[in-house]
K.L.:
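Below you'll find the structure I mean.
Since the model is a prediction, treat every value here as computed from it, not as a measurement.
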Amino acid sequence: LQITGLIFGGVGMVGTLAATAMPQWRVSAYVDGNIVVFETIWEGLWMDCINQLGIRLQCKFYDSVLALPPPLEAFRALMCIAAGLSVLAFLTAIVGVKYTRRSKDGPQAVSVFILAAGVAFLLTGTFVLIPVSWTGGSIIRDFYDPEVPVPLKRELGAALFVGWGSSALLLAAGAMYCHF
């Protein structure tokens, strides 16, 4: 169970780092009858990208942190905290698995590192789940809002799915470690 938790936590950590860095949080939606698409727009936590005909990709980092909307600033902060905490939780889990004592007579004595890693994994999974779910909810809400112009409608990007998957793995790893 400890090794499975370590694997889940490791994959969840990599997913958290990937979702934080990926620019595909919001992807342009094509809801008109036009089937000829020349550009795909990606919006992420750190930059916007335009992919033209799958050949040319241009990305631009946001100019000013102060000009960002407050939810985006909060999502950046939560994802950075989650990325750091996931690395810390993974390292703590490695130490905990290594220093768990086993005996023939009684149950294994679980290291305090295992419990600390479990709590950290649970916290990290929650920190990832909040911005990813909030962004997904706002994309869906805006997509079905008739007052939002068609060019501004967006779809769920790949980073959101990576975030949901890594959050599930982190929560599962945390639950495994807290179970001991």
Side-chain angles (χ1 to χ4, degrees), residues 1-29 40-49 51 59-62 65-97 110-144 153-180:
L1 197 58
Q2 287 180 358
I3 298 299
T4 304
L6 190 64
I7 292 169
F8 281 6
V11 174
M13 175 191 66
V14 171
T16 299
L17 296 171
T20 303
M22 290 172 71
Q24 296 100 342
W25 280 60
R26 297 172 180 262
V27 178
S28 55
T40 303
I41 299 171
W42 299 338
E43 297 173 6
L45 295 177
W46 309 101
M47 67 182 91
D48 286 338
C49 295
N51 190 0
C59 294
K60 183 177 184 289
F61 286 97
Y62 297 126
V65 175
L66 300 175
L68 295 175
L72 185 59
E73 290 178 19
F75 297 162
R76 274 183 168 189
L78 275 174
M79 290 303 288
C80 286
I81 291 169
L85 191 58
S86 69
V87 171
L88 184 66
F90 184 69
L91 294 175
T92 306
I94 290 173
V95 171
V97 168
V110 176
S111 170
V112 70
F113 291 109
I114 292 290
L115 183 60
V119 170
F121 277 135
L122 288 173
L123 230 103
T124 303
T126 305
F127 283 171
V128 172
L129 192 61
I130 291 169
V132 168
S133 296
W134 194 300
T135 302
S138 70
I139 290 170
I140 292 169
R141 183 190 66 234
D142 290 345
F143 187 83
Y144 290 112
K153 292 185 185 281
R154 299 288 182 252
E155 290 182 358
L156 303 173
L160 297 180
F161 296 109
V162 170
W164 281 317
S166 64
S167 177
L169 288 172
L170 289 166
L171 291 171
M176 285 179 194
Y177 284 138
C178 287
H179 180 269
F180 284 105

K.L.:
Check Leu170, Ile81, Leu129 against Thr124 for a side-chain contact (heavy atoms from CB on, under 4.5 Å) and give me the one that passes.
P.N.:
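Looking at Leu170, Ile81, Leu129, the match for Thr124 under the side-chain contact (heavy atoms from CB on, under 4.5 Å) is Leu170.
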K.L.:
Hey, could you give me the CZ/OH distance between Arg76 and Tyr62, rounded to the nearest 0.5 Å?
P.N.:
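Arg76 atom CZ to Tyr62 atom OH measures 7.5 Å (nearest 0.5 Å).
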K.L.:
Which heavy atom of Gly9 sits nearest a heavy atom of Ala173, and at what distance?
P.N.:
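Reported closest heavy-atom pair: N-CB, 3.7 Å.
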K.L.:
Roughly how far apart are Phe161 CZ and Met22 CE, rounded to 0.5 Å?
P.N.:
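Those atoms lie 10.5 Å apart.
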K.L.:
Trp46 versus Thr20: any side-chain heavy-atom pair under 4.5 Å?
P.N.:
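Yes, close enough: below the 4.5 Å cut-off.
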K.L.:
Would you say Val27 and Leu156 make side-chain contact, with heavy atoms under 4.5 Å?
P.N.:
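When only atoms from C-beta onward are counted, Leu156 and Val27 do not touch, as no gap falls below 4.5 Å.
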K.L.:
Looking at NZ of Lys153 and CG of Asp142, how far apart are the two atoms once the value is rounded to the nearest 0.5 Å?
P.N.:
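It is 8.0 Å, given to the nearest 0.5 Å.
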K.L.:
Could you tell me whether the side chain of Val97 reaches within less than 4.5 Å of the side chain of Tyr177, counting heavy atoms only?
P.N.:
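Tyr177 reaches Val97 side chain to side chain.
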K.L.:
Do Trp164 and Ser133 have side chains that get closer than 4.5 Å, going by heavy atoms?
P.N.:
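Result yes, sub-4.5 Å side-chain heavy-atom pair found.
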K.L.:
Ignoring hydrogens, what is the shortest heavy-atom contact between Thr92 and Ala117? Give both atom names and the distance.
P.N.:
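Where Thr92 meets Ala117 most closely, the heavy atoms are CG2-N, 3.9 Å.
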K.L.:
Taking the side chain as every heavy atom from C-beta outward, state whether Arg154 and Ile41 have any pair of such atoms under 4.5 Å apart.
P.N.:
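Heavy-atom side-chain distance check passes, below 4.5 Å.
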K.L.:
Of all heavy-atom pairs between Pro131 and Met79, which one has the smallest distance, and what is that distance?
P.N.:
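Where Pro131 meets Met79 most closely, the heavy atoms are CG-SD, 3.7 Å.
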K.L.:
Evaluate Val11 against Ser166 for side-chain contact (heavy atoms from CB on, under 4.5 Å), listing each step before the verdict.
P.N.:
CA-CA 7 Å; Val11 174; Ser166 64; over 6 Å; no
K.L.:
What's the separation between atom CE in Met176 and atom CD1 in Ile114, rounded to the nearest 0.5 Å?
P.N.:
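Taking CE in Met176 and CD1 in Ile114, the distance rounds to 12.5 Å.
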K.L.:
Measure the CG-OG distance between Leu123 and Ser86 for me, rounded to the nearest 0.5 Å.
P.N.:
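Here the interatomic distance stands at 11.5 Å.
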K.L.:
Measuring from atom CG of Leu122 to atom CZ of Phe127, what distance do you get when rounded to the nearest 0.5 angstrom?
P.N.:
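Those atoms lie 11.5 Å apart.
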K.L.:
Could you pull out the closest heavy-atom pair between Val162 and Ala18, with the gap in Å?
P.N.:
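The pair with the smallest heavy-atom distance is CG1-CB, 4.4 Å.
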K.L.:
Quick one: closest heavy-atom pair of Ala82 and Val128, and the distance?
P.N.:
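Ala82 and Val128 have their closest heavy atoms at CB-CG2, 3.6 Å.
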K.L.:
A side-chain contact here means heavy atoms from C-beta on lying under 4.5 Å apart; do Val132 and Phe75 qualify?
P.N.:
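Not in contact.
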K.L.:
Compare all side-chain heavy atoms of Glu43 with those of Asp48 and state whether any distance is below 4.5 angstrom.
P.N.:
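Yes - at least one pair of side-chain heavy atoms lies under 4.5 Å apart.
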K.L.:
Looking at every heavy atom in both Ala19 and Ala159, which two are closest together, and how far apart are they?
P.N.:
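Between these two residues, the closest heavy atoms are CB-O, 3.7 Å.
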